[in-house]
Amino acid sequence: MLTLWKRARIATCDELSRTFERGAIVTRDAVVEWVGDEADLPAGLHPDRTVELAGRWLTPGLVDCHTHLVFAGQRAAEFARRTAGTSYADIAREGGGILSTVRATRAASDEMLLEQSGSRLRSLLAEGVTVVEIKSGYGLTLESEARMLRVARRLGELHPVTISTSLLAAHALPPEFAGRADDYVDLACREWLPALRTSCDAVDAYCEDIAFSAAQCDRLFTAARALGLPVRLHAEQLSNVGGSQVAARHGARSADHLEYATEDDAAALARAGTVAVMLPVAFYTIAERQLPPIDAFRRHGVPLAVASDCNPGSAPGASLLLAMNMARRLFGLTSAEVLLGVTRHAARALGLEKSHGAIAPGHAADFAAWSIDTPDELGYWAGFNPCSMVVKDGAIVLERDV
Ligand code: NIG
Ligand code: FE
């Protein structure tokens, strides 16, 4: 089916970041064929359907490139302790934190996991998010990690959202392996990676002194890449233990958090073409004070992405729009940086830059329509959602009164 989307104001987020004040898009089925000024529309076009946008702004469907959206339960009691002064790292060292969600997730049925995670996914979709990365990491056994990845992919079958999965077996050391972190990493390298190779789109790890060392992540990445799996890393969130350098050495698609990254780290990420994923909701929730070195990333030309980090500990909630607002207010990103951070650069962090994250010929027909006067309003509103329509693979999948 040929569809003409007309009278839209368009921010393409393509290589040239083109915008059109009176723009049009032609889609054939699920794919964009043409985008440009309405005045330049190809002659002799006979669309099967015309959608009139009445001057609304259109962006690519947003890409949330870092979430832990599949989990069971909540950690409100830990949040209360943290607001009273106990640190995120201290709670983790006591066996709470990630491990408390591991217990809840292992105990939940598939149906419960799908239901609880589905409501978070629908909340992202209502914000114009059409691609979501979901990590495992709350199972920490071969079978329960496999189940998390299965549930994540199932969510993509049940919703009009493209799901990209990351295996995050190296998220926390499971109690069964207490004191034997090297054995756990060896097992993951030797048995889990080959077994889960086709169940995930990438391999992630948490490189931190409360999690896994740079040497352990290095081993995991060597094994992942030998199997042809792309890698990415939670690096330099609470301290600098050398994660960015490991990520860069392995040509990681992304390095995420990065509050404690240095100028040298920024240079290494730039050379490797690694995307730096900013997670300001986690920064805010754990009351971090160390800001990521945004100016160094800019100077070295590191592409910046912004993601929700949706998880029950450091980023409880499911709002990419809130993350965009916080990236601007807390990290000083510009509105243009934030928009690319949730479109083109976020797609690149997932290896989807040829098909998603831009309105361009050959790309998926994924769009979000916004009731805003200017794209500067993306990341301006805090706690308000101006998305009025979501298009996924050429179909209008959601309309909201704004
Ligand atoms: O991205 N840093 C590690 N992982 C998550 C937190 C997960 C949790 O606390 O459950 C993060 O912040
Ligand atoms: Fe995370």
Side-chain angles (χ1 to χ4, degrees), residues 1-15 20 23-36 41-42 45-53 56-65 67 69 114 117-134 151-165 201-202 307-308 318 320-321 339-340 342-370 385 387-400:
M1 179 164 78
L2 203 64
T3 304
L4 171 62
W5 310 79
K6 59 185 285 204
R7 248 176 60 66
R9 289 188 282 176
I10 302 173
T12 61
C13 303
D14 65 4
E15 290 300 327
F20 300 101
I25 303 171
V26 179
T27 58
R28 186 178 298 277
D29 301 323
V31 177
V32 173
E33 273 202 352
W34 186 92
V35 55
L41 267 169
L45 194 72
H46 295 294
D48 302 300
R49 171 176 72 150
T50 299
V51 180
E52 162 68 51
L53 276 310
R56 271 187 285 176
W57 273 98
L58 223 59
T59 65
L62 306 187
V63 178
D64 192 351
C65 68
T67 87
L69 180 135
L114 272 172
S117 309
S119 74
R120 290 184 279 271
L121 187 62
R122 288 188 288 278
S123 149
L124 289 174
L125 175 65
E127 293 186 341
V129 178
T130 55
V131 179
V132 176
E133 185 262 5
I134 301 179
V151 166
R153 287 198 171 161
R154 180 76 187 131
L155 283 171
E157 292 162 8
L158 297 172
H159 298 86
V161 177
T162 297
I163 302 292
S164 174
T165 56
D201 301 306
S308 72
L320 188 55
L321 293 178
L339 180 57
L340 285 186
V342 294
T343 55
R344 194 168 83 226
H345 293 165
R348 176 165 162 187
L350 302 180
L352 295 175
E353 66 275 17
K354 296 216 166 70
S355 56
H356 294 81
I359 301 179
H363 274 57
D366 286 8
F367 319 128
W370 305 93
N385 176 9
C387 179
S388 59
M389 183 173 80
V390 185
V391 177
K392 177 67 186 163
D393 293 328
I396 297 172
V397 293
L398 198 138
E399 287 188 274
R400 307 170 65 240

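From a predicted model like this one, the values you see are computed outputs, not experimental measurements.
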Kindly indicate whether the side chain of [X], heavy atoms from C-beta on, has any atom under 4.5 Å from the side chain of [Y].
X	Y	value
I359	P60	yes
M389	L53	yes
E52	K6	yes
L69	L124	yes
C13	L339	yes
V161	V131	no
V391	L58	no
V63	H345	no

Could you tell me which non-hydrogen atom of [X] sits nearest to which non-hydrogen atom of [Y], and how far apart they are?
X	Y	result
R120	A318	O-CB, 3.7 Å
A360	V32	O-CB, 3.4 Å
V390	G128	CG2-CA, 3.9 Å
E33	P361	O-CB, 3.7 Å

Would you find a donor on one side and an acceptor on the other, under 3.5 Å apart, between the side chain of D366 and the backbone of K392? no
Donor-acceptor pair, distance only, cut-off 3.5 Å: does the side chain of T27 make one with the backbone of G394? no
Check this for me: does any side-chain nitrogen of one of R153 and D201 sit under 4.0 Å from a carboxylate oxygen of the other? yes
Measure the spacing between [atom1] of [X] and [atom2] of [Y] and express it to the nearest 0.5 Å.
X	Y	atom1	atom2	result
S117	L158	OG	CG	11.0 Å
E127	D64	CD	CG	9.0 Å
L398	H159	CG	NE2	11.0 Å
W34	R28	CH2	CZ	14.5 Å
I134	T67	CD1	OG1	5.0 Å
I25	H363	CD1	NE2	12.5 Å

Verdict with supporting geometry, H356 and T130, side chain to side chain contact (heavy atoms under 4.5 Å, CB included): CA-CA 9 Å; H356 294 81; T130 55; 5.6 Å; no
Just do the side chain to side chain contact (heavy atoms under 4.5 Å, CB included) check on V35 and F20 with the steps written out, would you? CA-CA 9 Å; V35 55; F20 300 101; 4.2 Å; yes
Applying the side-chain contact (heavy atoms from CB on, under 4.5 Å) test to V342, which of L62, T59, L321 qualifies? L62
